[in-house]
Amino acid sequence: MGAMKTRSASVGRWVNEVVSFVVFCLLDIFDYLLCLLYKTADYLLEAEWKPCYCLSPKKLITTSRGNILLSHNNCESKILTVSPLQQLSGRSKIELEEISETLYSRPSLLSDHLSKLSINDLTKWVMNMTRSHSDCGEIKISKKRRKTMKFKPSFTVVEMLQGKIKPQNLSRQVSRWSDCDCGFCTCWNSTCVKDQSLFVKTQFPNGNIGNEDVLFIHGFISSSAFWTETVFPRLSKSKYRLFAVDLLGFGKSPKPADSLYTMREHVEMIEKSVLLKHNVKSFHIVAHSLGCILALGLVAKHGGSIKSLTLLAPPYHPVPTTEAEPRQYVMKKVAPRRIWPPIAFGASMACWYEHISRTICLLICKNHRLWQFLAKLITRNNRTVNFLIEGFMCHTHNAAWHTLHNIICGVGSKLDSYLDIVRDKLKCNVTIFHGRDDEVVPVECSYNVQSRIPRARVKVVENKDHITLVVGRQVEFAKELEEIWKSSSC
(Lines give C-alpha, C1' and ligand atoms only; values in the text may rest on other atoms or scores of the structure.)
Protein backbone atom coordinates (compact mmCIF):
# COMPACT_ATOMS: atom_id res chain seq x y z
CA MET A 1 0.00 0.00 0.00
CA GLY A 2 2.80 2.37 0.94
CA ALA A 3 4.69 1.53 -2.25
CA MET A 4 1.61 2.34 -4.36
CA LYS A 5 1.20 5.73 -2.69
CA THR A 6 4.87 6.50 -3.26
CA ARG A 7 4.59 5.46 -6.91
CA SER A 8 1.44 7.52 -7.49
CA ALA A 9 3.06 10.56 -5.82
CA SER A 10 6.08 10.19 -8.09
CA VAL A 11 3.84 9.96 -11.16
CA GLY A 12 1.93 13.04 -9.97
CA ARG A 13 5.14 15.04 -9.57
CA TRP A 14 6.33 13.92 -13.00
CA VAL A 15 3.05 14.96 -14.64
CA ASN A 16 3.20 18.30 -12.84
CA GLU A 17 6.75 18.86 -14.06
CA VAL A 18 5.98 18.00 -17.68
CA VAL A 19 2.74 19.94 -17.93
CA SER A 20 4.30 22.92 -16.13
CA PHE A 21 7.21 22.93 -18.57
CA VAL A 22 4.87 23.05 -21.57
CA VAL A 23 2.55 25.66 -20.05
CA PHE A 24 5.31 28.03 -18.99
CA CYS A 25 7.13 27.71 -22.32
CA LEU A 26 3.90 28.86 -23.97
CA LEU A 27 3.56 31.66 -21.42
CA ASP A 28 7.10 32.82 -22.29
CA ILE A 29 5.97 33.29 -25.89
CA PHE A 30 2.67 34.87 -24.88
CA ASP A 31 4.42 37.40 -22.63
CA TYR A 32 6.69 38.42 -25.51
CA LEU A 33 3.68 39.00 -27.76
CA LEU A 34 1.99 41.03 -25.02
CA CYS A 35 5.15 43.13 -24.80
CA LEU A 36 4.73 44.19 -28.42
CA LEU A 37 1.02 44.77 -27.92
CA TYR A 38 1.48 46.99 -24.87
CA LYS A 39 4.24 49.02 -26.51
CA THR A 40 1.86 49.78 -29.36
CA ALA A 41 -1.04 50.53 -27.03
CA ASP A 42 1.11 52.77 -24.82
CA TYR A 43 2.26 54.74 -27.84
CA LEU A 44 -1.26 55.16 -29.19
CA LEU A 45 -2.88 56.04 -25.86
CA GLU A 46 -0.08 57.92 -24.09
CA ALA A 47 1.91 59.23 -27.08
CA GLU A 48 5.20 57.71 -25.96
CA TRP A 49 6.96 54.36 -25.89
CA LYS A 50 7.13 52.84 -22.44
CA PRO A 51 10.35 50.92 -21.65
CA CYS A 52 9.98 47.53 -20.01
CA TYR A 53 12.29 45.06 -18.32
CA CYS A 54 11.69 42.04 -20.54
CA LEU A 55 13.66 42.94 -23.67
CA SER A 56 16.87 41.09 -24.42
CA PRO A 57 20.15 42.88 -23.68
CA LYS A 58 21.28 45.02 -26.63
CA LYS A 59 24.91 45.10 -25.58
CA LEU A 60 27.07 45.04 -22.49
CA ILE A 61 27.67 48.38 -20.81
CA THR A 62 31.38 48.89 -20.60
CA THR A 63 31.64 52.61 -19.92
CA SER A 64 29.60 55.11 -18.00
CA ARG A 65 26.61 56.44 -19.92
CA GLY A 66 24.74 59.50 -18.76
CA ASN A 67 24.09 59.13 -15.05
CA ILE A 68 25.08 55.47 -14.83
CA LEU A 69 28.31 54.92 -12.94
CA LEU A 70 30.21 51.69 -13.49
CA SER A 71 33.15 49.87 -12.01
CA HIS A 72 35.27 47.16 -13.53
CA ASN A 73 36.10 44.29 -11.20
CA ASN A 74 37.81 41.18 -12.54
CA CYS A 75 36.90 42.26 -16.07
CA GLU A 76 33.22 42.45 -15.20
CA SER A 77 31.14 45.58 -15.70
CA LYS A 78 28.63 46.36 -13.00
CA ILE A 79 26.18 49.18 -12.36
CA LEU A 80 27.05 50.69 -9.00
CA THR A 81 24.98 53.83 -8.68
CA VAL A 82 22.20 55.58 -10.49
CA SER A 83 22.60 59.33 -9.87
CA PRO A 84 19.65 61.41 -11.10
CA LEU A 85 20.20 65.05 -11.96
CA GLN A 86 17.84 66.04 -9.20
CA GLN A 87 17.33 64.51 -5.80
CA LEU A 88 14.89 61.68 -5.23
CA SER A 89 13.17 61.98 -1.87
CA GLY A 90 15.98 64.20 -0.63
CA ARG A 91 18.77 61.87 -1.81
CA SER A 92 21.23 62.31 -4.63
CA LYS A 93 21.60 58.67 -5.60
CA ILE A 94 20.09 55.20 -5.44
CA GLU A 95 22.34 52.23 -4.82
CA LEU A 96 21.98 49.28 -7.16
CA GLU A 97 21.65 47.12 -4.06
CA GLU A 98 18.14 48.55 -3.66
CA ILE A 99 17.11 47.27 -7.10
CA SER A 100 16.68 43.54 -7.57
CA GLU A 101 18.13 42.03 -10.74
CA THR A 102 15.06 39.78 -10.89
CA LEU A 103 13.33 42.81 -12.44
CA TYR A 104 15.32 42.43 -15.63
CA SER A 105 16.89 38.99 -15.38
CA ARG A 106 14.14 36.38 -15.57
CA PRO A 107 15.26 33.67 -18.00
CA SER A 108 12.57 31.77 -19.84
CA LEU A 109 11.96 28.22 -18.66
CA LEU A 110 13.33 26.74 -21.88
CA SER A 111 16.47 28.87 -21.93
CA ASP A 112 17.02 28.18 -18.24
CA HIS A 113 16.94 24.42 -18.86
CA LEU A 114 19.11 24.69 -21.97
CA SER A 115 21.69 26.88 -20.26
CA LYS A 116 22.00 24.40 -17.40
CA LEU A 117 22.27 21.54 -19.87
CA SER A 118 24.89 23.28 -21.96
CA ILE A 119 26.99 24.19 -18.93
CA ASN A 120 26.87 20.62 -17.64
CA ASP A 121 27.76 19.22 -21.04
CA LEU A 122 30.56 21.75 -21.41
CA THR A 123 31.92 20.82 -17.99
CA LYS A 124 31.93 17.11 -18.87
CA TRP A 125 33.61 17.85 -22.18
CA VAL A 126 36.30 19.94 -20.51
CA MET A 127 36.94 17.22 -17.93
CA ASN A 128 37.34 14.65 -20.69
CA MET A 129 39.68 16.95 -22.57
CA THR A 130 41.67 17.52 -19.40
CA ARG A 131 42.17 13.82 -18.91
CA SER A 132 43.39 13.44 -22.49
CA HIS A 133 45.59 16.53 -22.61
CA SER A 134 47.72 18.12 -19.96
CA ASP A 135 47.01 21.58 -21.28
CA CYS A 136 44.45 23.34 -19.04
CA GLY A 137 43.83 26.31 -21.27
CA GLU A 138 40.36 25.08 -22.15
CA ILE A 139 39.39 25.02 -18.48
CA LYS A 140 40.31 28.65 -18.10
CA ILE A 141 38.28 29.57 -21.14
CA SER A 142 35.26 27.64 -19.94
CA LYS A 143 35.41 29.27 -16.53
CA LYS A 144 35.66 32.67 -18.11
CA ARG A 145 32.65 31.96 -20.27
CA ARG A 146 30.62 30.77 -17.33
CA LYS A 147 31.63 33.83 -15.36
CA THR A 148 30.46 36.33 -17.94
CA MET A 149 26.99 34.80 -17.94
CA LYS A 150 26.19 36.13 -14.48
CA PHE A 151 25.55 39.82 -15.03
CA LYS A 152 24.61 41.41 -18.33
CA PRO A 153 22.95 44.77 -17.80
CA SER A 154 21.38 46.19 -20.93
CA PHE A 155 20.71 49.65 -22.25
CA THR A 156 17.04 48.77 -21.89
CA VAL A 157 17.53 48.48 -18.13
CA VAL A 158 19.41 51.77 -18.07
CA GLU A 159 16.63 53.46 -20.00
CA MET A 160 14.09 51.96 -17.62
CA LEU A 161 15.92 53.26 -14.57
CA GLN A 162 16.63 56.66 -16.08
CA GLY A 163 12.99 56.95 -17.09
CA LYS A 164 11.81 56.19 -13.58
CA ILE A 165 14.33 57.80 -11.28
CA LYS A 166 13.14 61.38 -11.19
CA PRO A 167 12.04 63.74 -8.45
CA GLN A 168 9.14 62.03 -6.75
CA ASN A 169 6.45 64.54 -7.60
CA LEU A 170 3.34 62.58 -6.77
CA SER A 171 1.09 64.75 -8.89
CA ARG A 172 3.19 64.20 -12.00
CA GLN A 173 1.14 61.30 -13.28
CA VAL A 174 -1.96 59.88 -11.62
CA SER A 175 -2.27 56.63 -13.53
CA ARG A 176 -1.57 54.86 -16.80
CA TRP A 177 -4.32 53.93 -19.21
CA SER A 178 -4.24 50.34 -17.94
CA ASP A 179 -4.66 51.44 -14.30
CA CYS A 180 -7.92 52.32 -12.58
CA ASP A 181 -8.68 56.04 -12.40
CA CYS A 182 -11.71 55.89 -10.10
CA GLY A 183 -12.09 58.22 -7.15
CA PHE A 184 -10.97 55.60 -4.62
CA CYS A 185 -7.78 54.65 -6.45
CA THR A 186 -6.78 58.26 -7.18
CA CYS A 187 -8.01 59.90 -3.98
CA TRP A 188 -4.38 60.27 -2.87
CA ASN A 189 -3.84 62.83 -5.61
CA SER A 190 -6.01 65.29 -3.72
CA THR A 191 -5.69 64.17 -0.10
CA CYS A 192 -2.02 63.18 0.18
CA VAL A 193 -0.33 65.37 -2.41
CA LYS A 194 0.21 68.33 -0.06
CA ASP A 195 2.56 66.51 2.28
CA GLN A 196 3.14 63.45 0.06
CA SER A 197 2.37 61.01 2.86
CA LEU A 198 0.77 57.59 3.13
CA PHE A 199 -2.85 57.02 4.03
CA VAL A 200 -2.89 56.15 7.73
CA LYS A 201 -5.93 54.89 9.62
CA THR A 202 -5.66 55.76 13.31
CA GLN A 203 -7.55 54.75 16.43
CA PHE A 204 -6.81 56.63 19.65
CA PRO A 205 -8.15 56.11 23.20
CA ASN A 206 -10.64 58.57 24.65
CA GLY A 207 -9.03 61.94 25.19
CA ASN A 208 -6.56 61.26 22.37
CA ILE A 209 -3.98 60.21 24.94
CA GLY A 210 -2.46 56.75 24.68
CA ASN A 211 0.23 55.23 26.83
CA GLU A 212 1.81 53.27 23.98
CA ASP A 213 1.82 53.22 20.18
CA VAL A 214 1.32 50.27 17.82
CA LEU A 215 2.16 50.22 14.11
CA PHE A 216 0.31 47.73 11.86
CA ILE A 217 1.79 46.88 8.43
CA HIS A 218 -0.26 44.87 5.94
CA GLY A 219 0.96 42.30 3.43
CA PHE A 220 1.32 42.13 -0.35
CA ILE A 221 -1.65 43.40 -2.44
CA SER A 222 -3.61 44.26 0.67
CA SER A 223 -4.45 47.42 2.63
CA SER A 224 -4.87 48.85 6.11
CA ALA A 225 -8.42 47.44 6.11
CA PHE A 226 -6.87 44.05 6.86
CA TRP A 227 -6.34 45.44 10.37
CA THR A 228 -8.99 48.15 10.75
CA GLU A 229 -11.85 45.82 9.84
CA THR A 230 -10.69 42.99 12.08
CA VAL A 231 -8.46 43.88 15.02
CA PHE A 232 -9.18 47.60 15.53
CA PRO A 233 -12.82 47.19 16.64
CA ARG A 234 -11.71 44.64 19.24
CA LEU A 235 -9.16 47.13 20.62
CA SER A 236 -11.51 50.11 20.77
CA LYS A 237 -11.33 50.28 24.58
CA SER A 238 -7.59 49.72 24.85
CA LYS A 239 -5.04 52.28 26.01
CA TYR A 240 -2.99 52.09 22.83
CA ARG A 241 -2.70 54.49 19.91
CA LEU A 242 -3.12 52.34 16.81
CA PHE A 243 -1.72 53.19 13.36
CA ALA A 244 -2.46 51.12 10.24
CA VAL A 245 -0.83 52.28 7.00
CA ASP A 246 -1.65 51.71 3.36
CA LEU A 247 1.80 50.98 1.95
CA LEU A 248 3.17 53.05 -0.92
CA GLY A 249 1.34 51.97 -4.08
CA PHE A 250 -1.55 50.24 -2.31
CA GLY A 251 -5.01 51.15 -1.03
CA LYS A 252 -5.52 54.91 -0.68
CA SER A 253 -1.82 55.75 -0.50
CA PRO A 254 0.12 57.46 -3.31
CA LYS A 255 0.85 55.34 -6.36
CA PRO A 256 3.57 57.32 -8.19
CA ALA A 257 4.26 56.01 -11.67
CA ASP A 258 7.95 56.89 -11.46
CA SER A 259 8.70 55.10 -8.19
CA LEU A 260 10.83 51.96 -7.99
CA TYR A 261 9.19 50.97 -4.68
CA THR A 262 12.47 50.06 -3.00
CA MET A 263 12.95 49.20 0.66
CA ARG A 264 14.20 52.69 1.40
CA GLU A 265 11.20 54.33 -0.24
CA HIS A 266 8.72 52.18 1.67
CA VAL A 267 10.47 52.65 5.02
CA GLU A 268 10.99 56.40 4.59
CA MET A 269 7.31 56.89 3.72
CA ILE A 270 6.27 55.01 6.87
CA GLU A 271 8.66 57.11 8.95
CA LYS A 272 7.35 60.33 7.44
CA SER A 273 3.66 59.41 7.62
CA VAL A 274 3.58 57.82 11.09
CA LEU A 275 6.69 58.24 13.22
CA LEU A 276 7.41 61.90 12.43
CA LYS A 277 3.88 63.10 11.78
CA HIS A 278 2.47 61.65 15.01
CA ASN A 279 5.60 62.08 17.13
CA VAL A 280 5.98 58.35 17.76
CA LYS A 281 9.06 57.70 19.90
CA SER A 282 8.69 54.05 20.89
CA PHE A 283 6.24 51.53 19.49
CA HIS A 284 5.13 47.96 18.99
CA ILE A 285 5.04 46.48 15.46
CA VAL A 286 2.51 44.01 14.07
CA ALA A 287 3.24 42.94 10.48
CA HIS A 288 1.81 40.42 8.04
CA SER A 289 3.62 38.66 5.17
CA LEU A 290 5.38 41.32 3.03
CA GLY A 291 4.95 43.72 5.94
CA CYS A 292 7.32 41.53 7.99
CA ILE A 293 10.19 42.44 5.66
CA LEU A 294 9.42 46.15 5.93
CA ALA A 295 9.07 45.77 9.70
CA LEU A 296 12.59 44.33 9.87
CA GLY A 297 13.78 47.31 7.83
CA LEU A 298 12.26 49.64 10.43
CA VAL A 299 13.79 47.61 13.24
CA ALA A 300 17.23 47.97 11.66
CA LYS A 301 16.87 51.78 11.77
CA HIS A 302 14.91 52.21 15.00
CA GLY A 303 16.03 49.26 17.09
CA GLY A 304 16.05 51.18 20.34
CA SER A 305 12.46 52.31 19.83
CA ILE A 306 10.91 48.89 19.25
CA LYS A 307 8.99 47.55 22.25
CA SER A 308 7.79 44.28 20.68
CA LEU A 309 7.81 42.64 17.27
CA THR A 310 4.90 40.47 16.13
CA LEU A 311 5.28 38.80 12.74
CA LEU A 312 2.53 36.92 10.91
CA ALA A 313 3.62 34.48 8.17
CA PRO A 314 7.08 36.02 7.56
CA PRO A 315 8.33 35.08 4.05
CA TYR A 316 11.86 34.09 5.06
CA HIS A 317 13.63 31.65 2.73
CA PRO A 318 17.24 31.19 3.91
CA VAL A 319 19.66 31.37 1.01
CA PRO A 320 22.47 28.77 0.98
CA THR A 321 25.92 30.32 1.33
CA THR A 322 26.99 28.58 -1.87
CA GLU A 323 24.19 30.20 -3.89
CA ALA A 324 25.66 32.55 -6.50
CA GLU A 325 22.36 34.34 -7.25
CA PRO A 326 20.44 34.77 -3.97
CA ARG A 327 17.64 36.90 -5.40
CA GLN A 328 16.99 34.41 -8.17
CA TYR A 329 16.94 31.69 -5.53
CA VAL A 330 14.28 33.48 -3.49
CA MET A 331 12.23 34.22 -6.61
CA LYS A 332 12.18 30.52 -7.49
CA LYS A 333 11.10 29.71 -3.94
CA VAL A 334 8.29 32.25 -4.03
CA ALA A 335 7.25 31.43 -7.60
CA PRO A 336 8.43 27.92 -8.58
CA ARG A 337 6.82 27.92 -12.06
CA ARG A 338 4.46 25.05 -11.38
CA ILE A 339 0.81 24.76 -12.34
CA TRP A 340 0.00 22.91 -9.12
CA PRO A 341 -0.84 23.90 -6.47
CA PRO A 342 -2.90 26.81 -7.90
CA ILE A 343 -1.28 29.33 -5.52
CA ALA A 344 2.13 28.46 -7.03
CA PHE A 345 0.74 28.97 -10.52
CA GLY A 346 -0.70 32.37 -9.57
CA ALA A 347 2.53 33.49 -7.90
CA SER A 348 4.54 32.39 -10.94
CA MET A 349 2.30 34.36 -13.31
CA ALA A 350 2.70 37.48 -11.17
CA CYS A 351 6.44 37.13 -10.63
CA TRP A 352 7.92 35.86 -13.89
CA TYR A 353 5.85 37.66 -16.50
CA GLU A 354 5.80 41.44 -16.58
CA HIS A 355 3.16 41.78 -19.28
CA ILE A 356 0.95 38.89 -18.26
CA SER A 357 0.83 40.32 -14.74
CA ARG A 358 -0.02 43.72 -16.23
CA THR A 359 -2.88 42.07 -18.13
CA ILE A 360 -4.14 40.53 -14.91
CA CYS A 361 -4.10 43.98 -13.29
CA LEU A 362 -5.88 45.40 -16.33
CA LEU A 363 -8.67 42.83 -16.04
CA ILE A 364 -8.98 42.80 -12.27
CA CYS A 365 -7.71 46.06 -10.79
CA LYS A 366 -8.95 48.45 -13.46
CA ASN A 367 -12.39 46.84 -13.23
CA HIS A 368 -12.44 46.35 -9.46
CA ARG A 369 -15.73 48.24 -9.10
CA LEU A 370 -17.45 45.63 -11.29
CA TRP A 371 -15.94 42.74 -9.31
CA GLN A 372 -16.86 44.38 -6.01
CA PHE A 373 -20.42 44.89 -7.22
CA LEU A 374 -20.71 41.23 -8.22
CA ALA A 375 -19.17 40.14 -4.92
CA LYS A 376 -21.73 42.20 -3.01
CA LEU A 377 -24.55 40.55 -4.92
CA ILE A 378 -23.21 37.04 -4.43
CA THR A 379 -22.27 37.44 -0.76
CA ARG A 380 -25.21 39.71 0.13
CA ASN A 381 -22.92 42.60 0.95
CA ASN A 382 -20.61 40.62 3.23
CA ARG A 383 -18.23 43.24 4.60
CA THR A 384 -15.38 40.80 5.17
CA VAL A 385 -15.35 39.70 1.54
CA ASN A 386 -15.69 43.30 0.38
CA PHE A 387 -12.68 44.69 2.24
CA LEU A 388 -10.53 41.72 1.22
CA ILE A 389 -11.42 42.28 -2.44
CA GLU A 390 -10.88 46.01 -2.07
CA GLY A 391 -7.39 45.47 -0.68
CA PHE A 392 -6.55 42.82 -3.27
CA MET A 393 -7.58 44.91 -6.27
CA CYS A 394 -6.77 48.53 -5.38
CA HIS A 395 -3.18 48.90 -6.53
CA THR A 396 -1.28 49.54 -9.73
CA HIS A 397 0.76 47.02 -11.67
CA ASN A 398 3.81 49.27 -11.35
CA ALA A 399 3.55 49.22 -7.54
CA ALA A 400 2.91 45.49 -7.24
CA TRP A 401 5.59 44.52 -9.78
CA HIS A 402 8.39 46.58 -8.23
CA THR A 403 7.43 45.79 -4.64
CA LEU A 404 7.34 42.07 -5.43
CA HIS A 405 10.82 42.09 -6.96
CA ASN A 406 12.62 44.78 -4.97
CA ILE A 407 11.21 43.80 -1.57
CA ILE A 408 10.13 40.14 -1.54
CA CYS A 409 12.85 38.86 -3.91
CA GLY A 410 15.49 41.57 -3.40
CA VAL A 411 15.45 42.33 0.32
CA GLY A 412 14.03 38.87 1.04
CA SER A 413 17.33 37.39 -0.12
CA LYS A 414 19.31 39.17 2.59
CA LEU A 415 17.03 38.96 5.61
CA ASP A 416 19.78 37.18 7.55
CA SER A 417 21.44 40.49 8.37
CA TYR A 418 18.16 42.04 9.57
CA LEU A 419 17.34 39.02 11.72
CA ASP A 420 20.83 39.09 13.20
CA ILE A 421 20.24 42.68 14.29
CA VAL A 422 17.07 41.61 16.10
CA ARG A 423 18.90 38.70 17.71
CA ASP A 424 22.07 40.52 18.76
CA LYS A 425 21.11 44.16 19.31
CA LEU A 426 17.48 44.10 20.43
CA LYS A 427 15.98 42.74 23.61
CA CYS A 428 12.31 43.11 22.65
CA ASN A 429 9.91 40.17 22.57
CA VAL A 430 9.54 38.50 19.18
CA THR A 431 6.35 36.54 18.52
CA ILE A 432 5.51 34.75 15.28
CA PHE A 433 2.08 33.48 14.20
CA HIS A 434 1.53 31.15 11.26
CA GLY A 435 -1.47 29.26 9.90
CA ARG A 436 -0.92 25.53 9.57
CA ASP A 437 -2.77 25.49 6.21
CA ASP A 438 -0.92 28.50 4.74
CA GLU A 439 -0.08 27.74 1.09
CA VAL A 440 1.25 31.23 0.31
CA VAL A 441 4.08 31.22 2.85
CA PRO A 442 5.08 27.75 4.16
CA VAL A 443 5.10 27.21 7.92
CA GLU A 444 8.80 26.38 7.64
CA CYS A 445 9.48 30.07 7.06
CA SER A 446 8.48 30.91 10.62
CA TYR A 447 10.64 28.15 12.02
CA ASN A 448 13.48 29.48 9.86
CA VAL A 449 13.09 32.84 11.61
CA GLN A 450 13.12 31.11 14.99
CA SER A 451 16.32 29.27 14.09
CA ARG A 452 17.89 32.67 13.45
CA ILE A 453 16.33 34.29 16.54
CA PRO A 454 16.19 31.52 19.20
CA ARG A 455 14.19 33.62 21.67
CA ALA A 456 11.37 34.10 19.15
CA ARG A 457 8.16 32.32 20.09
CA VAL A 458 6.33 30.57 17.22
CA LYS A 459 2.63 29.81 17.46
CA VAL A 460 1.17 27.70 14.65
CA VAL A 461 -2.61 28.04 14.46
CA GLU A 462 -4.32 24.87 13.31
CA ASN A 463 -6.80 24.91 10.39
CA LYS A 464 -5.91 28.51 9.45
CA ASP A 465 -4.30 29.84 6.30
CA HIS A 466 -2.59 33.05 5.15
CA ILE A 467 -5.74 35.17 5.60
CA THR A 468 -7.83 33.33 8.20
CA LEU A 469 -4.87 33.55 10.55
CA VAL A 470 -6.46 36.94 11.39
CA VAL A 471 -9.78 37.13 9.56
CA GLY A 472 -12.32 35.02 11.44
CA ARG A 473 -10.30 34.83 14.64
CA GLN A 474 -9.85 38.55 15.27
CA VAL A 475 -11.27 38.41 18.81
CA GLU A 476 -8.76 35.80 19.90
CA PHE A 477 -5.93 37.49 18.03
CA ALA A 478 -6.68 40.89 19.62
CA LYS A 479 -6.42 39.30 23.07
CA GLU A 480 -3.12 37.68 22.10
CA LEU A 481 -1.77 41.04 20.96
CA GLU A 482 -2.75 42.77 24.18
CA GLU A 483 -0.99 40.05 26.18
CA ILE A 484 2.16 40.53 24.08
CA TRP A 485 2.11 44.31 24.53
CA LYS A 486 1.41 44.06 28.23
CA SER A 487 4.27 41.63 28.87
CA SER A 488 6.61 43.80 26.77
CA SER A 489 5.82 46.86 28.87
CA CYS A 490 6.71 45.24 32.17
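If you read the sequence from its start, that first residue is 1, and numbering goes on from there. Computed from a predicted model, the values in this text were never measured in an experiment.
Within a 6.0 Å radius of NZ in K201, other residues, nucleotides and ligands contribute 12 heavy atoms or fewer. Within 6.0 Å of the CZ atom in F392, the count of heavy atoms belonging to other residues, nucleotides or ligands does not exceed 12. Around atom OH of Y43, no more than 12 heavy atoms belonging to other residues, nucleotides or ligands sit under 6.0 Å away. Summarising the local packing, CH2 of W340 is surrounded by 12 or fewer heavy atoms from other residues, nucleotides or ligands at distances under 6.0 Å.
Between Y447 and V458, the shortest heavy-atom distance links the atoms CE2-CG1, 4.0 Å. Across all non-hydrogen atoms, the minimal contact from D179 to H397 is OD1-N, 3.9 Å. Here the closest heavy-atom approach between residue C180 and residue K366 is recorded as CB-CA, 3.7 Å. Heavy-atom minimum distance, L34 versus T359: CD1-OG1, 3.6 Å. In terms of heavy atoms, N398 sits closest to P256 at ND2-O, 3.5 Å. Residues C292 and L312 approach most closely at SG-O, 3.5 Å, considering heavy atoms.
Although no hydrogens or angles enter the test, the distance criterion places no donor-acceptor pair under 3.5 Å between the side chain of D31 and the main chain of L27. A donor-acceptor pair under 3.5 Å is absent between the side-chain atoms of R380 and the main chain of L377, judged by distance alone. Without hydrogens or angle criteria, W188 side chain to G251 main chain gives no donor-acceptor distance under 3.5 Å. Of the possible donor and acceptor atoms, none in the side chain of S20 sits under 3.5 Å from a partner among the backbone N and O of E17. In this structure, N448 contributes its side chain and E444 its backbone to a donor-acceptor pair below 3.5 Å. Here the side chain of S413 pairs a donor or acceptor atom with the backbone of G410 at under 3.5 angstrom. Checking side-chain atoms of R436 against main-chain N and O of V460 turns up no donor-acceptor pair under 3.5 Å. Looking at E439, its side chain never comes within 3.5 Å of a backbone N or O of P342 through a donor-acceptor pair. S273 places no side-chain N or O within 3.5 Å of a backbone atom of I270 that could act as its donor or acceptor partner. Under the 3.5 Å distance criterion, the side-chain polar atoms of H434 are matched with a main-chain donor or acceptor of V441.
Put simply, the residue from V319, T102, V411 that forms a side chain to side chain contact (heavy atoms under 4.5 Å, CB included) with V330 is V319.
By the 4.5 Å heavy-atom criterion applied to side chains, W352 and D28 are not counted as neighbours. The side-chain heavy atoms of C25 and F21, taken from C-beta on, include a pair separated by under 4.5 Å. Counting only heavy atoms from C-beta outward, the side chains of W401 and L103 approach each other to under 4.5 Å. By the 4.5 Å heavy-atom criterion applied to side chains, L294 and M263 are counted as neighbours. Within the 4.5 Å cutoff, the side chain of S259 has heavy atoms near those of the E265 side chain. At least one side-chain heavy atom of F184 sits less than 4.5 Å from a side-chain heavy atom of C394. Annotation: side chain of C351 is not in contact with side chain of R106 (no heavy-atom distance under 4.5 Å).
Using cut-offs of 30° and 60° on the angle between ring planes, the pair F220 and F250 is perpendicular. F24 and F345 have perpendicular rings, their planes meeting at more than 60° on a 0 to 90° scale where under 30° would count as parallel.
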| field | Chi angles and distances behind the ring-ring contact (aromatic ring centres under 6.0 Å, His included) call for H402, Y53 | value | CA-CA 11 Å; H402 285 89; Y53 291 111; 5.5 Å; yes
| message | Using the rule given for side-chain contact (heavy atoms from CB on, under 4.5 Å), can you reason through H395 versus C365, listing the C-alpha separation, both sets of side-chain angles and the distance that settles it, and then say yes or no? | response | CA-CA 7 Å; H395 63 271; C365 299; 3.5 Å; yes
| message | If you apply the rule side-chain contact (heavy atoms from CB on, under 4.5 Å), what do you find for I408 with T403, and how did you get there? | response | CA-CA 7 Å; I408 296 179; T403 298; 5.7 Å; no
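Electrostatic pairing of R358 and D42 counts as a salt bridge here, judged by a charged N lying under 4.0 Å from a carboxylate O.
Note that CG of D246 and NZ of K255 are 7.5 Å apart. Values are rounded to the nearest 0.5 Å.
Of the N and O atoms on the side chains of S100 and H405, not one donor lies less than 3.5 Å from an acceptor on the other residue.
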